[in-house]
Enquirer: 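Shown below is the structure under consideration.
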Amino acid sequence: MKIAVFRIEGERRVGVVADDGGSVTALDFPRELAALGALAAVDLLAEGKALPATVGNAYRWDQVEHEAPFPAQRRNLFCVGRNYHAHAKELRDSVFKDNDANPESWPIVFTKVPQTVVGPWANVHLPVGISDKIDYEAELAVVIGKGGSNISRAEAMSHVIGYTVVNDVTARDVQMRHQQWDLGKSFDTFCPMGPWLVTADELDGSKTRVRCWVNGELRQEGSTEDLIFDIPTLIETCSRGITLYPGDIIATGTPAGVGQGLNPPQYLKSGDTVRVEIDGIGKIENRFV
């Protein structure tokens, strides 16, 4: 199932997308629950309850205003750095030079604040006067369905409700300046997300392809089979002494090909367009302004 969040005549709706992605039909959520986005659906499914019935006619997907599936995050997103070997290598002398020399010891985990989240086609705002080294990072995001703490690796996948696409936009100079990464990752609009939530019964997140284009040029292409720390390990790690809740998001890291890893580095500038696509989910495309 694909669960999308969209607006019609300014009103937020949560709906189910047709198999071909061409239309969406609203679920009969009251306005106060629809305001939560797909979190309203995740909460019900996490409790073992059925989603409400659909209501009204289907809308063509290109007729509605698209929003991120989780536009109203309860808290920060969990994000993982240095989780593909080739990416670890390309930034070993810059971003990762002060990190543990052994990339397979523990994952690097940081956060992005909820205000970073924007829709799948929204503009991303460059922080003019603060940073001119803005980079892209195409990532598969895991969405938690059943909450819990100290989740074992063996049980981890039973806690996953589905997946979505994110671009972990990063101000590289700010990221490195502060050693901890949250500030460089958390500028407003720095987490485009979408186009919808795909439930786990429709996608094997351990075997899918992540790609990214900048102005039509393919920059990143990787398979989640090549993750240094797989999805169960990430869930186990993030839940050690920390309770995960339905709707929590774990971004799983980015493949090689980021702008800072090129020779010379190529950072994003106003007017650039970045498209991120993951097999089995779909694509997002955002203009940087």
Side-chain angles (χ1 to χ4, degrees), residues 1-46 49-77 112-128 141 143 145 161-169 186-199 245-249 270-277 281-289:
M1 183 182 354
K2 299 180 181 71
I3 300 172
V5 179
F6 61 100
R7 286 184 183 268
I8 287 289
E9 298 179 350
E11 185 175 345
R12 180 175 288 165
R13 305 282 186 88
V14 180
V16 176
V17 180
D19 290 342
D20 64 2
S23 64
V24 60
T25 307
L27 294 165
D28 193 14
F29 280 115
R31 183 174 298 179
E32 63 271 18
L33 289 181
L36 300 176
L39 185 57
V42 169
D43 281 342
L44 283 179
L45 295 172
K49 298 178 180 178
L51 296 179
T54 56
V55 58
N57 297 323
Y59 299 98
R60 284 206 332 259
W61 184 245
D62 59 6
Q63 284 182 319
V64 301
E65 178 185 348
H66 310 128
E67 292 198 312
F70 296 93
Q73 287 293 113
R74 285 192 171 120
R75 60 179 182 177
N76 288 17
L77 292 75
K112 294 173 84 79
V113 300
Q115 291 75 17
T116 58
V117 175
V118 292
W121 319 110
N123 287 340
V124 176
H125 298 284
L126 297 168
V128 177
V143 181
I161 191 70
Y163 305 92
T164 191
V165 178
V166 299
N167 183 351
D168 174 22
V169 183
S186 288
F187 289 101
D188 294 347
T189 75
F190 266 31
C191 190
M193 177 189 294
W196 39 56
L197 167 71
V198 173
T199 53
Y245 294 99
D248 274 344
I249 290 173
S270 185
D272 285 347
T273 298
V274 178
R275 173 161 57 99
V276 179
E277 185 167 351
I281 303 179
K283 66 180 180 181
I284 63 176
E285 186 170 310
N286 305 91
R287 189 168 181 264
F288 285 68
V289 298

Enquirer: Mind checking whether Ser270 and Leu126 have side chains closer than 4.5 Å, heavy atoms only?
Expert: yes

Enquirer: Just wondering, more than 12 heavy atoms not from Asp62 lying within 6.0 Å of its CG?
Expert: yes

Enquirer: Ignoring hydrogens and geometry, is there a side-chain-to-backbone donor-acceptor pair from Arg7 to Gly10 under 3.5 Å?
Expert: yes

Enquirer: Measure the spacing between CG of Leu77 and CD1 of Ile249 and express it to the nearest 0.5 Å.
Expert: 4.5 Å

Enquirer: Do Thr164 side-chain atoms and Leu197 backbone N/O form a donor-acceptor pair below 3.5 Å?
Expert: no

Enquirer: State, with a plain yes or no, whether a side-chain heavy atom of His125 is found less than 4.5 Å away from one of Asp188.
Expert: no

Enquirer: Taking the side chain as C-beta and beyond, is there a heavy-atom pair between Arg74 and Leu39 under 4.5 Å?
Expert: yes

Enquirer: Under the criterion side chain to side chain contact (heavy atoms under 4.5 Å, CB included), I'd like the reasoning laid out for Thr189 against Thr116: C-alpha separation, chi angles, the key distance, then a yes or no.
Expert: CA-CA 4 Å; Thr189 75; Thr116 58; over 6 Å; no

Enquirer: Determine whether a donor-acceptor pair (N or O, by modelled atom type, separation under 3.5 Å) exists between the side chain of Asp248 and the backbone of Tyr245.
Expert: yes

Enquirer: Is a donor on one side and an acceptor on the other found under 3.5 Å between the side chain of Thr199 and the backbone of Met1?
Expert: yes

Enquirer: Could you report the tightest heavy-atom contact between Gly282 and Pro195, atom names first, then the distance?
Expert: C-CD, 4.1 Å

Enquirer: Out of Ile284, Asn286, Asn167, which one pairs with Val274 under the side-chain contact (heavy atoms from CB on, under 4.5 Å) rule?
Expert: Asn167

Enquirer: If we only count heavy atoms from C-beta on, is the Ile3 to Pro69 side-chain gap below 4.5 Å?
Expert: no

Enquirer: How far apart are the C-alpha atoms of Thr273 and Phe288, what are their side-chain angles, what is the distance that settles it, and do they pass the side chain to side chain contact (heavy atoms under 4.5 Å, CB included) test?
Expert: CA-CA 6 Å; Thr273 298; Phe288 285 68; over 6 Å; no

Enquirer: Measuring from Asn76:CG to Gln115:CD, what's the distance to the nearest 0.5 Å?
Expert: 8.0 Å

Enquirer: Would you call Asp19-Lys2 a salt bridge at under 4.0 Å N-O?
Expert: no

Enquirer: Take Met193 and Val165 through the test side chain to side chain contact (heavy atoms under 4.5 Å, CB included) and record every step on the way to the result.
Expert: CA-CA 6 Å; Met193 177 189 294; Val165 178; over 6 Å; no

Enquirer: Within a strict 4.5 Å, meaning less than it, do heavy atoms of the Trp121 and Arg287 side chains meet?
Expert: no

Enquirer: With the side chain counted from C-beta on, respond yes when Val169 and Phe187 share a heavy-atom pair under 4.5 Å apart, and no when they do not.
Expert: no

Enquirer: Between the side chains of Arg13 and Asp28, is the shortest nitrogen-to-carboxylate-oxygen separation below 4.0 Å, so that they form an ion pair?
Expert: no

Enquirer: What closest approach, in Å, do Pro52 and Leu44 show between heavy atoms, and which atom pair accounts for it?
Expert: CD-CD1, 3.7 Å

Enquirer: Check for a donor-acceptor pair, side chain of Trp196 on one end and backbone N or O of Ile281 on the other, with a separation under 3.5 Å.
Expert: yes

Enquirer: After noting the C-alpha distance and the side-chain angles of Phe190 and Val124, does the key distance pass the side chain to side chain contact (heavy atoms under 4.5 Å, CB included) rule?
Expert: CA-CA 7 Å; Phe190 266 31; Val124 176; 4.0 Å; yes

Enquirer: Say you draw a straight line from CG of Leu27 to CG of Leu33; how long is it, rounded to the nearest 0.5 Å?
Expert: 11.5 Å

Enquirer: For Glu32, I'd like to know if atom CD has over 12 heavy atoms of other residues, nucleotides or ligands within 6.0 Å.
Expert: yes

Enquirer: Less than 4.5 Å apart, any side-chain heavy atom of Phe6 and any of Glu11?
Expert: no

Enquirer: How many angstroms lie between atom OG of Ser23 and atom CG of Asn57, to the nearest 0.5 angstrom?
Expert: 10.5 Å

Enquirer: Indicate yes or no: does Arg275 engage Glu285 in a salt bridge with an N to O separation below 4.0 Å.
Expert: yes

Enquirer: Locate the shortest heavy-atom distance separating Pro246 from Asp43; write the atom from each residue and the value.
Expert: CB-OD1, 3.6 Å

Enquirer: Can you tell if the side chain of Phe70 reaches within under 4.5 Å of the side chain of Leu36, non-hydrogen atoms only?
Expert: no

